[in-house]
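Working notes for the structure below.
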4 protein chains.
Amino acid sequence: MSLREEKTEKKKKEIIHSAMQIIAEKGYYRTTIDDIASKLLITKGTVYYYFQDKQDLLFQSHQLLLQNSIENLKHIHTQPLHPREKLKNAMIAHMDHLLDDQYGFELMHKPEQFFSHQQLEIILQLHRDYTELLDQLIVIGIEDGVFQALDSKVTRNIYLGAMNWLTQWYDNKGKKEKQEILDQMAEYLLNILAK
Amino acid sequence: MSLREEKTEKKKKEIIHSAMQIIAEKGYYRTTIDDIASKLLITKGTVYYYFQDKQDLLFQSHQLLLQNSIENLKHIHTQPLHPREKLKNAMIAHMDHLLDDQYGFELMHKPEQFFSHQQLEIILQLHRDYTELLDQLIVIGIEDGVFQALDSKVTRNIYLGAMNWLTQWYDNKGKKEKQEILDQMAEYLLNILAK
Amino acid sequence: MSLREEKTEKKKKEIIHSAMQIIAEKGYYRTTIDDIASKLLITKGTVYYYFQDKQDLLFQSHQLLLQNSIENLKHIHTQPLHPREKLKNAMIAHMDHLLDDQYGFELMHKPEQFFSHQQLEIILQLHRDYTELLDQLIVIGIEDGVFQALDSKVTRNIYLGAMNWLTQWYDNKGKKEKQEILDQMAEYLLNILAK
Amino acid sequence: MSLREEKTEKKKKEIIHSAMQIIAEKGYYRTTIDDIASKLLITKGTVYYYFQDKQDLLFQSHQLLLQNSIENLKHIHTQPLHPREKLKNAMIAHMDHLLDDQYGFELMHKPEQFFSHQQLEIILQLHRDYTELLDQLIVIGIEDGVFQALDSKVTRNIYLGAMNWLTQWYDNKGKKEKQEILDQMAEYLLNILAK
DNA sequence: GATGAATGAGTGTTCATTCAT
DNA sequence: CATGAATGAACACTCATTCAT
C-alpha cells in the first residue's frame, strides 16, 4: 500500500469512527452527514469524497466492526483453554466490544432495511462467519462432554440476544464494576449449557 | 362510553394497528404517515384527526402494547401454578405476543430518542411495571426454593434480551413448530435458574 | 323579520363578534375557524352553517364595522355643534371605536388581498362613504372660515393614519386616562387646520 | 471580509430584497418560500441554505430595513440645518424610504406575532433607537423655541402613524409629483408644532 | 340546525446528493 | 483534495372546506 493509499485509509477510518459514535448516540436516521462531518471539522463534501453515499459509509462501518469481532473470536479459538473458558472469554469479549462501541445494535435489527442487496450479502456472510465461530465453541464443548447436548443454534441465539440487550440496561454509574457484571452475565448464560 | 366514542376508539385502534404493522416492517423513520393511512384506505388528514402527530401515534401504540403485556402478566400471576410453570408461561406469552406483533423492538432501544419527556415518563413507568411483575415470578421461585438464588435483575435482563431477540432469527417457515421453539427457548432459559 | 330570522341574525352577530376579537389578537391568517368556533363552544360546522367561508365571515365582520362607523359619523353630522367640535368628536369616536375593537387594522391595509372582487367593491364603497363624511367635516370648517384652507384629502389621510396608528402605541396601563389621550390627540391634530 | 464572504453577503441581500418585495405585495402569510425563490430563479433549498427559516428571513430583512433608517436619521442629525428643516428632512426621508420599499408596514403592526422573543428584543431596540432619534429632533426644536412645547412622544406617534399610512393612499399615477406630496405632508404635520 | 368525521391541497422544512472551482 | 453552493425529492403537518347523519 502506497503512502497515499495509507493516508486515505487512515482518513476513512477517522470518518468511520466519527460516524459510528454519532450513529450509536442518535441512531442512523437522526444522524446527518453534516453531524458526522462537523464533528471532524471537515465538510460534507469531504465525506462524499471518501464514501459513495450514506449507505456506503454505514456499510463500511458495519463491515469493519464485524471483521474486528471475527478476528477477536478467531484469536480466542486459537488459545489453549478449556472449552468453558473459551466460550466465556468469547462472550465477555463480545459484550465488552458492544459496550465500548454501542453502535450497531440498531443495525443488527433487520439489516435488510439498511443495506443494498449486494451489501447485505456481504454483511450476512460476516454474520454467519461470526455465529459459526460462536457455534463451534458451543459444539466443541458439547463434544468434549463439558456441556449438555442442547441445540447449539438456539443456544447461540439466546446468548446473542441476552448479550446484545446489555446495552439497554447496563448502567456505567451503577455499583458493580463492569468486569463483574460481564463475568456474572457469562456465568449465568453458561448455566444453560451446564450439566 | 357513548356509541360515538366507541366508534372513535375503534378507529383509533385500527390506525394504531396499521401503524404498528408498518413500523414493525420498515422502522419508525422509514414509515410515513401516508404509508399508515393508505394501508387503511384513508388519507393523511384522517390520521391527524385522531392523533396529534406522528410521535403521539407512536406513543399511544407503544402504550397500548405495554398495557396489554402487563395485563397478560397479571393474569398469569393469579393462576394457581407451580412457580416454574408460571415463569415459563410468562416467557412463552411474552414471545408469542412479540412474534404476533413484531413491532416495538426498535422502540425499546433508546426510547428517549422517540418520546417526549412526558411521554417517556409514562412509558418508563410501564416498563418498570412489566419488569417488576417478571422479577416477582423469579423471586417467588427463589423464595420457594425452586430456583437458585441468582440476582433476579440480571436474570430478568438476560431473559428479556434473549426473548426479544427472537424476532431476529425466528423463521416462521422453518421446520419446527412455533410452540415447539417457544417451549424450547423457555426451557433453556429456565436452565439458568435451575438448581 | 321573523323570529327565526332574528335568531339567525343574532347568532351570526355572535360569531362575528367572536371572530373580530380573535382576529384582532392574532391576525387573520393565524386565526383558524376552529379558534373562532371553540371560543363560542360551537363546532366548525356551525360556523359554516352561518357563513359561506372564512372570507365571507371576514367580509361580513368588516362590513358591519364600517356600517357602524358610518352611522356614528352621520349622527355627529346632525348634531348642532361648532365645526371644530364636530370634527373633534368624530376623531374621538373613531379612536374610541378602534381601541375597543382593535380589529380591522390589518384589513385596512391592502384590503384587495383579503376580499373577492365583488366584496371589495362594497368595502371600498363603504370606505369612501366614511372618508366622504370625514372630508365634509373638514370642508365645512374651511368654508365657515374656522379652518385653514388646506387640501382636505391630504389632511384627512393624515388624520386617519395618525388615529389608526394609535393601536400600536396606546398603553392601557399607562398613566394617562384614555379620554385624556384621545382629547390630546384630537387637539394636536386640529392644530394642523388651525388658523 | 473575504471574497467568498462578500459573495454570500451579496446573495443574502438579494434574497432579502426579493422577499421584501413579495411580502410588501402579498403579505407575510401569503408569501411562500417558493415565491421568494422562484422570483430569483433559485430553489427553495437555496433560500434555506442562507436562512434558517422563514422567520429568520423576515427578521433579517426587517433588521436591515431598520438599520438603514437609523443611519439615515443619524446622518440628518449631523447636518447643519435649522431644527424645522431637519425634522422636515427626516420626515421626507422616512416617507421616501417607505414608498420605495413598501414592505414592513404589516410587520410594524404587532411585531410580537412575527418574531421570536430574542428577535423581538432586537427589533424593539431598533424601534426605540429610531423613535429616540425622531424625538430628539422634536425636542431640540422645542428647546430652541422653534416649536410649541407639546408632548414629544404623542407628537412623534402622530407623525409616524400619518407617515406610515401614506402607503395606503399614495397613488403613484396621481397628478401630483411624489416630492410635492411628501413636502405637503411634512408641512401639514409641522403645523402641529408650529407656534 | 348542528356535528363529527374526513379530505386534500398547500407549505415549511430537512437532508442526501451533486458539482464547479 | 476539499469546499461552498445549490438542488430537489420527501415528508410532517395545517386547515379551510365538505357532507352524511
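Each chain gets a letter, A, B and so on, in the order its sequence line appears, and its residues count up from 1. Atom set for the values below is all heavy atoms of this structure, side chains included, hydrogens, waters and symmetry mates excluded. These numbers were taken from a predicted model, which means no experiment stands behind them.
Between C:Tyr29 atom OH and E:dG10 atom C1' there is a gap of 13 Å when expressed in whole angstrom units. Note: CD (C:Glu14) to C1' (E:dG1) measures 14 Å, nearest angstrom. For the pair B:Lys54 NZ and E:dT14 P, the computed distance is 15 Å after rounding to whole Å. Spacing between atom CD of C:Glu5 and atom P of E:dG1 amounts to 10 Å, rounded to whole angstrom units. Rounded to whole Å, atom C1' of E:dG12 lies 14 Å from atom CG of D:Asp56. Rounded to whole Å, the distance from OH on C:Tyr48 to P on E:dT7 is 17 Å. Going from atom CZ of D:Arg30 over to atom C1' of E:dG12 covers 17 Å, rounded to whole Å. Atom-to-atom, CG of D:Asp53 to P of E:dT14 comes out at 7 Å; the value is rounded to the nearest Å.
For B:Arg4 and E:dT3, the shortest distance from a side-chain N or O to OP1 or OP2 is not below 4.0 Å. Look at B:Thr43 and you'll find a side-chain N or O under 4.0 angstrom from OP1 or OP2 of E:dT7. Contact check, D:Thr32 against E:dT11: no side-chain N or O comes under 4.0 Å of OP1 or OP2.
A distance-only check finds a donor-acceptor pair linking the side chain of A:Ser38 to the backbone of A:Asp34 [under 3.5 Å]. In terms of modelled atom types and a separation under 3.5 Å, the side chain of C:Gln55 and the main chain of C:Phe114 share a donor-acceptor contact.
Each of C:Thr31 and D:Val47 lies near DNA chain F, and the nucleotide nearest D:Val47 is the one positioned closer to the 5' end. Where D:Ile33 and D:Gly45 meet DNA chain E, the nucleotide closest to each residue was compared, and D:Ile33 sits on the side nearer the 5' end. When each of A:Tyr50 and C:Asp34 is assigned the nucleotide of DNA chain F with its nearest heavy atom, A:Tyr50 is the one assigned upstream, toward the 5' end. Residue whose closest nucleotide on DNA chain E sits further toward the 5' end, between C:Thr8 and B:Lys7: C:Thr8.
Using bins of under 30°, 30° to 60° and over 60° for the plane-to-plane angle, the ring pair C:Phe115/C:His62 lands in the parallel bin.
When every heavy atom of D:Gln21 is checked against every heavy atom of D:Lys39, the shortest pair comes out as OE1-NZ, 3.1 Å. Looking at every heavy atom in both residues, B:Leu66 comes nearest to B:Leu126 through CD1-CB, 3.9 Å. Here the shortest heavy-atom pairing between A:Pro111 and A:His127 reads CG-CE1, 4.4 Å.
Read 5' to 3', the first and last nucleotides of DNA chain F with an atom closer than 4.0 Å to a heavy atom of chain B are F:dC11 to F:dT14.
Residue A:Leu124 holds its CG atom at 4.0 Å from CG of A:Leu120, rounded to the nearest 0.5 Å. Here the straight-line distance linking atom OG of A:Ser18 with atom CG of A:Leu57 works out to 9.0 Å at 0.5 Å rounding.
Scanning atom types as modelled, one donor and one acceptor separated by under 3.5 angstrom connect the side chain of D:Lys44 and the base of E:dT13.
Base pairing of E:dA6 is made with F:dT17, judged by Watson-Crick or G-U wobble geometry with both donor-acceptor distances under 3.5 Å.
At a threshold of 4.0 angstrom between heavy atoms, the contacts of D:Phe51 with the nucleic acid are absent.
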